[in-house]
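Report on the structure given below.
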2 protein chains.
Amino acid sequence: MKDIAKYTGLSLGTISKYINGGKVREKNRKLIDKAIRELDFKVNEMARGLKTNESKTIGIIIPSMKNYFCTHLMSYTEMYLSKFGYSVIICNYREDPKVEREKINLLMKKQVDGLIVVPSGETISEIQEIILKKIPVVLVDRILPDMQCDAVVVNNFDISKKVVETLVERGHKRIAIICGPKKVSTAKERLNGFLEMHKKYHLEVDEKLIKFGDYYMHSGFMLCKDLLSLENRPSAIFVTNYDMTLGVIQAINEANIKIPSDISVVGFDNLPIFKVIKPSLSIVSQPMKELGDYVAKLVIDRLNDPTIPTKVIKLEAEFIMKDSISTPN
Amino acid sequence: MKDIAKYTGLSLGTISKYINGGKVREKNRKLIDKAIRELDFKVNEMARGLKTNESKTIGIIIPSMKNYFCTHLMSYTEMYLSKFGYSVIICNYREDPKVEREKINLLMKKQVDGLIVVPSGETISEIQEIILKKIPVVLVDRILPDMQCDAVVVNNFDISKKVVETLVERGHKRIAIICGPKKVSTAKERLNGFLEMHKKYHLEVDEKLIKFGDYYMHSGFMLCKDLLSLENRPSAIFVTNYDMTLGVIQAINEANIKIPSDISVVGFDNLPIFKVIKPSLSIVSQPMKELGDYVAKLVIDRLNDPTIPTKVIKLEAEFIMKDSISTPN
DNA sequence: CTGAAAGCGCTAACAA
DNA sequence: TTGTTAGCGCTTTCAG
């Protein structure tokens, strides 16, 4: 910027003002523009940030870059934020709370203006501290107990009830569910919906049919194998995330069992896959774009006015019925 | 930091030195540590970066956050870089060269120490300029003509030859290929391998069997429908990326054609999927971890010594034969 | 509309 | 080992 001042004979103050949208004499405007082009000037955002105490950057923390749900979601969030002049630093903690803690720290050091996080559930106090510092935090997909901050989640309880109810109405009495980690609110809610429907229809709950996985394909595979080897195996399986759904299908294929004649399956997330798998899979579809957009909106709103009350946005998921459900024999 | 100085009665210089790994008297060390804890001090990386002229940040530019190949790859790169104290800003340009240009600019303003990019092929001059500024650039997956910089790619030509040769040996004479955009070096090389094998085996090349997609599922779907509606339709299809592979399978399913009895298919990327699709899909698998690690390694090496000659690392892909290939009737 | 000057939080060179 | 000081590139008063 100094070079531009020298080039144009104007002062630093004037250059700065112009760059930040201020008014200068037409003649000077041209001169500055020319200088910018010739010298290929780009503002140094670090210097600017140091001065303004704003990085114009939002930190995003997700469990894994290999998680379709997360990356997909964040692509919408990024798009929305960039319209408002914010860029994002996306960190993934590889499902490791220790790494999650490091990443939170890193982002604070980088002076992010806000934080978006899909939490492991083990870093409550760290996140609490950030909120205390008045830095906007938005929780995504999962909420944390007693956390006074914005959040965007889906109505897991209701959609889970709907899935289970549908299966029950089709005559299923032994329904298995493969949940996520117990620590994750989302997993708990999906399980609660499952239990609720069992209560409503006076169905016995067999503990053996309730499995907790780690959201990865392999755990879906292993847990499904467990289920299939039960002497009184379930007639339907409800899998509550995408990767575990793949694992379940793999296990079923390998066991040479047919969907849906031998077993019914309801999967989760990822529309494309059900177009490819035969028979086409019934799945729960989450409103990715809405989720992603809302997340961004909440951060921006709080950035603009830190005093607004915190909101928890709950969006509805959709149950898409396809051919992977039948009536048990 | 000033607060710590005040708290401990030491000078700024001493605090700074200690924080950056310098030696201080044992007594002071304890005092500083205590102050850091009490005041919950975190270095301001913006201020540090302004001073040191290093952001300890690498910019990553990929076509899309929805691209499994890219995000997966970058998760390895990030892991490797973070071991060396670098964090990453991942930008995606939604396949839009205009956005790509913006993101390149953004990252320069953010003073990234290096740039990793999966280029659209339309921003050659922008990237060229960065290299001129002596900022390390590593191209991934695709190379750009006359670009004097590091790159990591797979041996697309050879793996494509291998796939086509295998199909030819199985008796296929009408093989279709669905390539990526013509601008992309990787797409060209895969096509060249295809053509090379046709030459070697004196097979006629039918232009109608060569399709160019945009790497998205829908284009795979549409192009495959084209191929299937040909009056003399191919006996095998080679699809050269993951999403288009899904599209192809969808099209085949919808047309009620059987793999492999009616048509053979070879897909690309993404191991998990072939465990789930029946019959299991033959695919080309790229060495994701190696790719990601090498990318990071190249940046770090050049950061440490900017004078080393540029390298293009070419890794071998693997052709995994499964049940989706048969001999044509 | 323009210029001068202070200072954001930190590092690094030098002096003590 | 510790303290002092200048300055990184920018914004932002406050005068002019």
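These numbers come from the heavy atoms of this one structure, side chains and all, not from hydrogens, waters or symmetry mates. All chains are named by letter (A, B, ...) in the order of the sequence lines, taking the proteins before the strands, and each is independently numbered beginning at 1.
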Inset, instruction - Can you label the angle between the H72(A) ring and the Y68(A) ring as parallel, tilted or perpendicular, going by 30° and 60°? - result: perpendicular

Legend entry - Selected nucleotide, minimal atom distance to S11(A) side chain, candidates dT2(C), dT12(D), dT2(D): dT2(C)

Inset, instruction - Pick base, sugar-phosphate or nothing for T52(B), based on heavy-atom distances below 4.0 Å to the nucleic acid. - result: sugar-phosphate

Legend entry - Residue pairs fulfilling ring pair (Phe, Tyr, Trp, His ring centres under 6.0 Å) with at least one residue in residues 5-57 of chain B, sequence neighbours excluded: none

Inset, instruction - Salt-bridge test for E189(A) and K314(A): reply yes if a basic N is under 4.0 Å from a carboxylate O, no otherwise. - result: no

Inset, instruction - Using a cut-off of strictly less than 4.0 Å, decide whether R48(A) has a side-chain nitrogen or oxygen near OP1 or OP2 of dT11(D). - result: yes

Inset, instruction - Pick base, sugar-phosphate or nothing for I19(B), based on heavy-atom distances below 4.0 Å to the nucleic acid. - result: nothing

Inset, instruction - May I ask you to say what N53(A) touches in the nucleic acid, namely base, sugar-phosphate or nothing, with a heavy-atom cut-off under 4.0 Å? - result: nothing

Legend entry - K23(A) side chain, from C-beta outward: closest of dT12(D), dC10(C), dC1(C): dC1(C)

Inset, instruction - Could you tell me whether F41(A) contacts a base, only the sugar-phosphate backbone, or nothing, with contacts defined as non-hydrogen atoms closer than 4.0 Å? - result: sugar-phosphate

Inset, instruction - Identify, between K17(B) and N44(B), the residue whose nearest nucleotide on DNA chain C lies closer to the 5' end. - result: N44(B)

Inset, instruction - Using atom NZ of K51(A) as one end and atom C1' of dT12(D) as the other, report the distance to the nearest whole Å. - result: 6 Å

Legend entry - Charged N-O contact under 4.0 Å between E100(A) and K103(A): no

Legend entry - Closest nucleotide among dT2(C), dT2(D), dC8(C) to the V24(B) side chain: dT2(D)

